[in-house]
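The block underneath contains the structure these notes are about, expressed in structure tokens.
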Amino acid sequence: MDRTELATVVIDWYHRHARDLPWRRADASPWGVMVSEFMLQQTPVARVLQPWQQWLVRWPTPAALAAEPVGEAVRAWGRLGYPRRAQRLHAAATVITGRHGGRVPSDPDELRALPGVGDYTAAAIASFAYGAAEVVLDVNVRRVLARLDGGADAPLGAPTAAERRRAAAWLPERHAAVWSVAAMELGAQVCRSARPDCPACPVATSCRWLAAGRPPGPARPRQLYAGTDRAARGHVLAALRALPTGRSADAATLVGGWPDQAQASAALQSLLSDGLVRTDREGYTL
DNA sequence: AAGTCGTGGAT
DNA sequence: TATCCAAGACT
């Protein structure tokens, strides 16, 4: 089978096995798609479902979000992680409201210019919200193509030009946007990073990686978390989120309960300089 | 271009 | 229990 036929097989598989995710439904707005893409950056689908629903009830449009202080966005972000994504989503909503008439752009370059929107997210919004034929290269698509076409497990680091060319070559003439979600879904459900379910894969007989005996890829450098600055920031942020809206706390309260006081204080200062935390007369607040 | 930036479920 | 890692972006 050539690439076009394989893409068709994957698309057909997708139509039978796709999860019913709310941001994929026909009634999802471009803004809803955009919010989902921000929330899904490095965060699993299962943890995004509920916050996404609540977010869109509260802020159904970019203008609605832009009308509130960024601290409310950070608070509503809850425990999704990487709270700067909330900050950037708020900033992007502000730009959309001020310079795009309140409508999420469909042009990838305009999307890419928004805060928090990189190559992947720009392509994903253009593709999933507007049906554009863009190369959507997320970790799932990279893994599927690396295995199926490259015969190797997913590479580390940023996508190379060659990898991007390969992905572009796989983009079918028709139904390009569906191919992209389908490849992502295959990577998420079947062609998983850990214990891939090759018997369930619709293109297993064409997979170079499977034929090669599923050789292991490069080991990622392990990222530890406990005791790191990020963990300290997480502690401070959690304390801030626990505050009622509009209330503040002093540094001692926020830093309390963390074993390394100097580290926690530094974390608070870094959050301040990042704009994720601010001060008022009472103390620190979101 | 390697480091940094959260969080928690699964294994 | 420790490790992995999930629809990345930014510097």
Side-chain angles (χ1 to χ4, degrees), chain A residues 14 18-19 21-24 28 32-52 74-75 77-89 91-92 111-129 134-145 153-161 167 177 179-189 191-196 216-241 266-267 270-271 273-277:
Chain A
Y14 173 77
R19 292 165 292 179
L21 304 177
W23 46 85
R24 285 181 182 162
V33 172
M34 178 170 169
V35 171
S36 79
E37 291 304 336
F38 269 72
M39 290 184 169
L40 288 164
Q41 290 169 2
Q42 298 286 284
T43 302
V45 165
R47 288 205 354 246
V48 165
L49 288 167
Q50 203 173 344
W52 182 86
V74 173
R75 178 187 303 279
W77 199 253
R79 307 166 72 87
L80 284 175
Y82 292 143
R84 51 182 51 182
R85 290 181 293 163
Q87 183 186 34
R88 289 170 181 159
L89 181 54
L111 287 164
R112 184 67 176 71
L114 296 171
V117 179
D119 290 333
Y120 162 75
T121 302
I125 295 171
S127 183
F128 305 150
E134 290 293 314
V135 174
V136 180
L137 207 50
D138 81 319
V139 65
N140 291 299
V141 178
R142 292 183 70 189
R143 187 171 54 247
V144 167
L145 294 185
D153 213 337
L156 299 177
T160 62
W179 153 254
S180 294
V181 241
M184 285 174 65
E185 188 74 352
L186 187 67
Q189 287 196 47
C191 192
R192 297 175 296 233
S193 177
R195 37 183 220 88
R220 286 206 309 198
R222 37 157 131 271
Q223 63 164 24
L224 5 84
Y225 182 70
T228 62
D229 293 345
R230 288 158 67 188
R233 285 164 59 105
H235 173 81
V236 172
L237 245 357
L240 257 353
R241 282 196 306 265
S270 74
L271 288 166
S273 63
D274 285 351
L276 286 165
V277 172

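On a predicted model such as this, the values are computed, not experimentally measured, just so you know. Protein chains get the first letters and strands the later ones, always in sequence-line order, with residue 1 at the start of each.
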Exercise. B/dG6 C1' sits how many Å from A/His235 NE2, rounded?
Worked result: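 Checked: the NE2 to C1' distance equals 14 Å.
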
When rounded to the nearest 0.5 angstrom, what is the spacing between [atom1] in [X] and [atom2] in [Y]?
X: A/Tyr120; Y: A/Arg142; atom1: OH; atom2: CZ; answer: 13.0 Å
X: A/Ser36; Y: A/Gln41; atom1: OG; atom2: CD; answer: 10.0 Å
X: A/Leu240; Y: A/Leu271; atom1: CG; atom2: CG; answer: 8.0 Å
X: A/Glu134; Y: A/Ile125; atom1: CD; atom2: CD1; answer: 11.5 Å

Exercise. Checking A/Arg75 side chain against A/Arg241 main chain: does a donor-acceptor pair fall under 3.5 Å?
Worked result: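 At least one qualifying donor-acceptor pair exists.
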
Problem set entry | Heavy-atom donor-acceptor pair, A/Thr43 side chain to A/Leu80 backbone, under 3.5 Å |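 Here the side-chain-to-backbone pair exists.
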
Problem set entry | Worked check of side chain to side chain contact (heavy atoms under 4.5 Å, CB included) between A/Tyr82 and A/Arg230 | CA-CA 9 Å; A/Tyr82 292 143; A/Arg230 288 158 67 188; 3.2 Å; yes

Exercise. Is it true that A/Asp119 and A/Arg112 make a salt bridge, defined as a side-chain N closer than 4.0 Å to a carboxylate O?
Worked result: yes

In terms of side-chain heavy atoms of [X], which of [options] is nearest?
X: A/Tyr82; options: C/dA7, B/dT7, B/dC5; result: B/dC5
X: A/Arg222; options: C/dA7, C/dC4, C/dG8; result: C/dC4
X: A/Glu37; options: C/dA6, C/dC10, C/dA7; result: C/dA7
X: A/Pro83; options: C/dA7, B/dC5, B/dG6; result: B/dG6
X: A/Arg19; options: C/dG8, B/dG6, C/dA7; result: C/dA7
X: A/Gln223; options: C/dG8, C/dA7, B/dC5; result: B/dC5
X: A/Arg88; options: B/dG6, C/dA9, C/dA7; result: C/dA9

Under-3.5 Å N/O pairs linking protein and nucleotides 9-11 of chain B:
{"residue": "B/dT11", "atom": "OP1", "partner": "A/Arg195", "partner atom": "NE", "Å": "3.3"}
{"residue": "B/dT11", "atom": "OP1", "partner": "A/Arg195", "partner atom": "NH2", "Å": "2.6"}

Exercise. Of the residues in residues 179-188 of chain A, which ones touch DNA chain B at a heavy-atom distance under 4.0 Å?
Worked result: none

For this session: Could you give the distance separating B/dT11 and C/dA7 at their P atoms, to the nearest angstrom?
Result: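 Each nucleotide's P atom is 14 Å from the other's.
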
Problem set entry | N or O in side chain of A/Thr121 less than 4.0 angstrom from C/dA9 OP1/OP2 | yes

